[in-house]
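Here the structure comes first, spelled out in structure tokens, and everything after it is commentary.
What you see is a predicted model, and the numbers here were worked out from it, not measured in a lab. Here is the naming used below: chain letters follow the sequence lines, and residue numbers restart at 1 for every chain. Computed over heavy atoms, backbone and side chain alike; hydrogens, waters and symmetry mates excluded.
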Amino acid sequence: MIRAMSTQDSSPALTANDHLILVDGSTFIFRAYHALPPLTRKPDGLPVGAVSGFCNMLWKLLQEGLTPEEGDEPTHFAVIFDHSAKTFRNDIYPEYKAQRPEPPEDLVPQFGLIREATRAFSVHCIEQEGFEADDLIATYARQAADMGARVTIVSGDKDLMQLIGPKVGMIDTMKNKIFGEAEVFEKFGVGPDKVIEVQSLAGDSVDNVPGVPGIGLKTAALLINEFGDLETLLARAGTIKQNKRRENLIEFAEQARVSRELVTLKLDVPVEVPVTDLFVNHIDGAKAISFLKTMGFNTLTRRVAETTGADLESVEAAEFQVPGWDVPDHKGRMVERGEAPGGAEAAKAAGDLSPGNEGMMVPQTVADARAESIKAIPVDSSAYETVTSLDRLREWCDAAREKGYVAFDTETTSLDAMQADLVGLSLATEPGKACYVPLAHVDGEADLLGGGGLIAGQLPLREALEVLKPMLEDRSVLKVAQNLKYDWLLMSRYGIEIGPYDDTMLLSYTVDAGKGGNGMDELSERWLGHKPIPFKEICGSGKSLITFDKVPLDKATAYAAEDADVTLRLWLILKPRLAADRMATVYETLERPMVPVLARMERRGISVDRQMLSRLSGDFAQGMAGLEAEIHELAGQSFNIGSPKQLGDILFGKMGLPGGKKTKTGAWSTSVQVLDDLAAEGHLLPSKIVAWRQLSKLKSTYSDALPGYINPETGRVHTSYALAATTTGRLSSSEPNLQNIPVRTEEGRKIRKAFISEKGHKLISADYSQIELRVLAHMADIPQLKKAFDDGLDIHAMTASEMFGTPIEGMDPMVRRRAKAINFGIIYGISAFGLANQLGISRGEAGDYIKTYFERFPGIRDYMEETKKLVHANGYVTTIFGRKAHYPEVNTNNPNHRAFYERAAINAPIQGSAADILRRAMVRMEQRLQGSKLNAQMLLQVHDELIFEVPDGEVEDTIPVIRHVMENACDPALKLSVPLQVDARAADNWDEAH
DNA sequence: ACGGCCACTTA
DNA sequence: GTAAGTGGCCGTC
């Protein structure tokens with residue numbers, strides 16, 4: 001590297017004959033990003049529009065110089081970048097640049113590539129922690145000018161205008177505009193030497209420099225021209241005639257002084273690379289071409305080859321230069337156009353691919369080749385570093401910045417992120433290069449003796465986190481984790497908000513939902529052919545289970561660093577699959593953004609009334625005891641009612657009742673269905689059993705168990721949502737599962753009443769009405785259903801009316817009930833068998849209903865047949881937003897299994913599309929509430945329902961916002977041909993809000 | 001201690 | 001007939 005070759009004192013000082021060009025990297029990047037169409041991509045689908053633009057601009061500048069004039073060539077040249085968001089200015093004024101929006105999602109991964117590009121062109125690439133690019137530019141410009149050299153700043157940033165002087169010029173090459181004293185005067189109304197004074201008064205809304213209220217550029221220039229500088233003005237502010245202006249200058253004098261500090265560029269940055277080292281390097285053609293080939297910039301590659309005389313063919317694209325995205329082998333493994341799915345489309349999308357690109361690699365091949373090459377590198381869990389010094393930790397963070405990405409994993413004392421304590425964390429920057437940072441390991445043996453102190457040699461937790469925080473929050477470093485929601489939630493409790501990020505679990509889920517689990521161990525075996533050290537081997541299980549803080553450091557390092565290493569490798573393999581499988585949009589809109597949304601919902605939790613639950617448990621126990629006595633009396637003996645086996649023996653053996661069905665293990669079935677049938681025949685015992693079971697369920701699963709989930713610190717219940725657990729895209733909830741809180745029976749709703757709002761707040765429940773049937777009406781394009789939804793009709797009554805020809809008014813409730821069961825059946829991939837069971841009718845009769853239904857709604861049958869064809873042909877089906885649900889075994893020869901997968905495949909697009917809509921609403925919800933200055937907090941999701949906690953006074957204003965976001969969740973990606981309807985209510989408890 | 005099975009809760 | 005999670009029982013390790 002150029003920087004490394006330089007020494008502090010080997011280069012001669014600059015002279016009047018020298019010319020230093022300083023390029024403001026940020027200006028280049030943002031111009032390149034916005035000037036070029038976002039489609040410009042290299043063959044594997046990585047957004048590289050900004051990299052491409054940057055390379056072209058840099059190349060043009062290197063070739064053509066600043067102006068057409070001769071003799072303007074630089075002797076010294078560097079591109080200067082911002083290192084990270086936080087600088088010394090934030091210490092002076094925390095709000096500085098605080099409200100600056102995040103850079104676009106697809107630009108973030110390009111920051112690192114652009115630095116690579118700069119080096120590939122043998123150009124000095126300068127950045128320094130704690131300083132903005134502007135400060136480095138200012139310091140270099142001053143130093144060079146002091147030596148007598150000429151300096152040209154290439155930038156469009158007005159903040160740099162204060163540097164303009166006799167020796168220092170500024171030019172915006174992209175706009176072909178030269179800034180001299182005249183231009184500065186035009187912009188600020190003063191010369192370059194007074195720019196700072198004017199800026200400190202006028203402030204800057206973009207950078208959040210406050211200035212003095214009521215004073216803009218015009219007034220500021222007027223005042224400075226009159227008084228000379230800020231201090232003089234402030235000292236004589238009392239003499240100003242205009243009342244408001246005088247008062248503001250006096251009141252906000254200190255704010256103006258702070259502003260002056262903020263806008264004043266540092267001229268004395270202790271630069272790591274001396275200005276004398278910034279001499280122009282001879283371009284290394286092969287190096288530049290290697291990079292450009294990696295990027296797939298064919299036109300520029302050829303141009304550089306022509307100019308430098310390097311041999312285009314002999315230079316290989318750089319392997320691993322840009323892990324995550326690079327082209328592993330540019331020459332071999334070519335794919336004929338159209339051979340791989342989306343091949344031609346991919347070639348078209350890759351805008352920079354020049355003519356003759358039939359042989360260009362398509363994403364599919366890139367991803368496959370990547371998987372092979374990563375798999376070939378063995379995992380060695382004995383080769384990892386244990387980090388025990390802050391210096392080494394800083395070096396790891398620097399390595400992450402250099403790369404632009406880092407795999408990250410935490411080790412803690414609990415699987416529950418709300419209760420876990422951080423024990424250590426691991427990082428990985430390359431396959432095989434990983435470390436573990438132990439922070440809170442204790443001596444496990446001594447614990448028994450009452451000792452158990454911290455093991456010596458570990459970094460102090462706070463100091464280590466201070467080093468890590470800037471990197472973990474650095475927008476130019478992509479953090480890669482497996483199941484990030486856990487780490488995000490944990491780290492948020494330590495004041496760190498991780499971002500930007502990728503999640504390998506979600507990547508796997510996005511491309512492979514339905515193909516198996518998405519846990520790290522399973523993914524490692526699937527993709528790397530490597531079995532990671534099992535957690536059990538480190539911490540034991542069952543009674544011998546120890547927490548991770550008791551694990552000795554060497555074992556902890558092997559286990560933890562391996563996790564980060566494996567995560568990084570999985571990312572290197574799975575990320576390219578997004579492009580290969582055309583799933584990038586699903587991942588970026590429906591998966592990745594859910595992580596912080598769910599983490600915050602889990603962190604908030606919900607209040608439950610412990611006393612109410614305790615009373616309920618007592619009531620249920622009493623009811624059960626009464627029933628138990630009656631049951632034993634009727635049975636003529638005592639037995640365990642909770643044992644289906646014993647119950648079966650009593651009912652069908654001893655009492656000789658007609659046992660209908662058996663379970664698949666051959667035992668008597670004692671399901672409600674069977675017991676209800678017996679009850680209908682006049683037997684007393686079965687209905688008592690059903691009642692007992694209901695109470696037993698309510699007691700054990702809810703009233704007894706829920707209080708145990710109350711977090712002692714927050715006093716609330718924090719469920720955990722699984723993002724990658726279902727085949728269809730639904731979430732699941734566990735520990736406790738808050739998606740199956742009873743609602744159907746009066747007794748059950750007492751449980752729901754125990755979910756309450758905080759004092760001064762209400763719970764709002766907002767649920768979609770018939771979302772799945774609406775989605776079906778849209779997808780299968782059913783005119784009658786669409787019209788019914790448009791007209792706000794009772795959809796089940798309408799279905800009954802269509803099927804049986806009876807008018808909706810005065811309809812027999814039983815007729816409607818049948819239609820309702822059919823509607824649900826349709827969503828579930830109807831079968832005569834299932835419908836017969838549901839309605840208690842014969843299979844023949846059920847078959848007739850289905851036949852009639854399909855005659856009335858032929859579009860539904862078409863949809864079902866089409867879906868079956870698709871799943872057999874592709875092995876997966878898709879939702880309206882492109883999510884895939886795989887059914888790899890649908891082509892089995894077992895007719896029952898085959899029919900089961902077909903029904904699941906019919907259901908998945910319906911259930912999954914509804915789930916997608918919910919996700920879209922959730923991703924947008926928080927921002928929309930905040931934008932409306934509302935304090936509603938989203939707490940729970942129950943498939944078609946969202947629950948919020950809202951201050952009493954805001955209920956009226958909040959409901960319309962929630963409804964609007966939910967009802968318009970498809971916008972702007974998709975126009976649903978059916979309206980979505982959301983019902984919302986507020987109350988003090990969940991039961992009444994629902 | 002673990003896992004399969006059954007039953008029951010939700011959308 | 002779809003999609004989930006939990007608790008109790010009971011056999012196996």
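Minimum atom distance to the side chain of A/N740 is reached by B/dT10, of the listed C/dG8, B/dT10, B/dC5. Nearest nucleotide to the side chain of A/R903, out of C/dG7, B/dA1, C/dG1: C/dG1. Distances were taken from every side-chain heavy atom of A/N737 (C-beta onward) to each of C/dG1, C/dA4, C/dG5; the shortest belongs to C/dG5. Listed candidates were C/dG1, B/dT9, C/dG5. Nearest to the side chain of A/S732 is C/dG5. Each of C/dT6, B/dA11, B/dA7 was ranked by its minimum atom distance to the side chain of A/R693; first place goes to B/dA7. Ranking B/dC5, B/dA7, C/dT6 by closeness to the A/T665 side chain, first place goes to B/dC5. Checking C/dG5, B/dT10, B/dA11 against every side-chain atom of A/A725, the shortest atom distance belongs to C/dG5. Checking C/dT2, C/dG1, B/dC8 against the side-chain heavy atoms of A/L835 singles out C/dG1 as nearest.
If you check every strand for non-hydrogen atoms under 4.0 Å, A/I827 touches nothing. Backbone-only contact: A/N640 has heavy atoms under 4.0 Å from sugar-phosphate atoms and none from a base. Within the 4.0 angstrom heavy-atom criterion, no nucleotide atom of any strand lies near A/E945. Residue contacts for A/G825: at a heavy-atom cut-off of 4.0 Å it reaches a base atom on one of the strands shown. Counting any heavy atom pair closer than 4.0 Å across all strands shown, A/R730 reaches a base atom. Among the protein residues, A/F833 comes within range of the sugar-phosphate backbone only, with heavy atoms under 4.0 Å from sugar or phosphate atoms but none that close to a base. At the heavy-atom level, A/E772 lies nowhere under 4.0 Å from the strands shown. In this structure, A/A899 reaches neither bases nor backbone, as no heavy-atom distance under 4.0 Å exists between it and the strands shown. Among the heavy atoms of the strands, none lies under 4.0 Å from A/I910. Residue-level contact check: A/S831 touches the bases, meaning some heavy atom is under 4.0 Å from a base atom. The residue A/A821 sits close to a base: some heavy atom pair falls under 4.0 Å.
Taking 4.0 angstrom as the limit, A/T726 places none of its side-chain polar atoms (N or O) nearer than this to OP1 or OP2 of C/dA3. The phosphate of C/dG8 has neither OP1 nor OP2 within less than 4.0 Å of any side-chain N or O from A/S696. Here A/T701 does not reach the OP1 or OP2 of B/dT9: none of its side-chain N or O atoms lies under 4.0 Å away. Distances shorter than 4.0 Å separate some side-chain N or O of A/S643 from OP1 or OP2 on C/dC10. Proximity of A/T670 to the phosphate of B/dA7: a side-chain N or O atom is located under 4.0 Å from OP1 or OP2. Distances shown here put a side-chain N or O of A/Q646 below 4.0 Å from the OP1 or OP2 atom of C/dC10. Note on A/S541: a side-chain N or O is less than 4.0 Å away from OP1 or OP2 of B/dC2.
The NZ atom of A/K536 sits 12 Å away from the C1' atom of C/dC13 (whole-angstrom rounding). For the pair A/R744 CZ and B/dC8 P, the interatomic distance rounds to 10 Å; values are reported in whole Å. Going from atom NE2 of A/H943 over to atom C1' of B/dT9 covers 11 Å, rounded to whole Å. Rounded to an integer number of Å, the gap from CG of A/L545 to C1' of B/dC2 is 14 Å. One can place CH2 of A/W668 at 23 Å from P of C/dC9, the figure rounded to the nearest angstrom. Put simply, CD1 on A/I641 is 18 Å from C1' on C/dC10, counting in whole angstrom units. Counting to the nearest Å, the P atom of B/dC2 and the NZ atom of A/K543 are 12 Å from each other. A/Y702 has its OH atom 8 Å from the C1' atom of B/dC8, to the nearest Å.
No side-chain N or O of A/D512 forms a donor-acceptor pair with one of A/H886 less than 3.5 Å apart. With 3.5 Å as the limit, one finds a donor-acceptor pair spanning the side chains of A/E945 and A/S765.
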Candidate pair A/I962 and A/M938, rule side chain to side chain contact (heavy atoms under 4.5 Å, CB included), full reasoning: CA-CA 10 Å; A/I962 292 171; A/M938 188 158 58; over 6 Å; no
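Aromatic ring centroids of A/F857 and A/Y853 lie under 6.0 Å apart. The six-membered or imidazole ring of A/Y702 lies away from that of A/F620, with a centre-to-centre distance of 6.0 Å or more.
A/Y828 and A/F824 have tilted rings, their planes meeting at an angle from 30° to 60° on a 0 to 90° scale.
Judged by distance alone, with hydrogens and angles left aside, A/Q911 brings a side-chain donor or acceptor within reach of the base of C/dT2, the pair sitting under 3.5 Å.
With respect to A/R818 and A/E845, no salt bridge is recorded, no charged nitrogen being found less than 4.0 Å from a carboxylate O.
Judged by the 6.0 Å and 45° rule, A/K884 forms a cation-pi pair with A/Y876.
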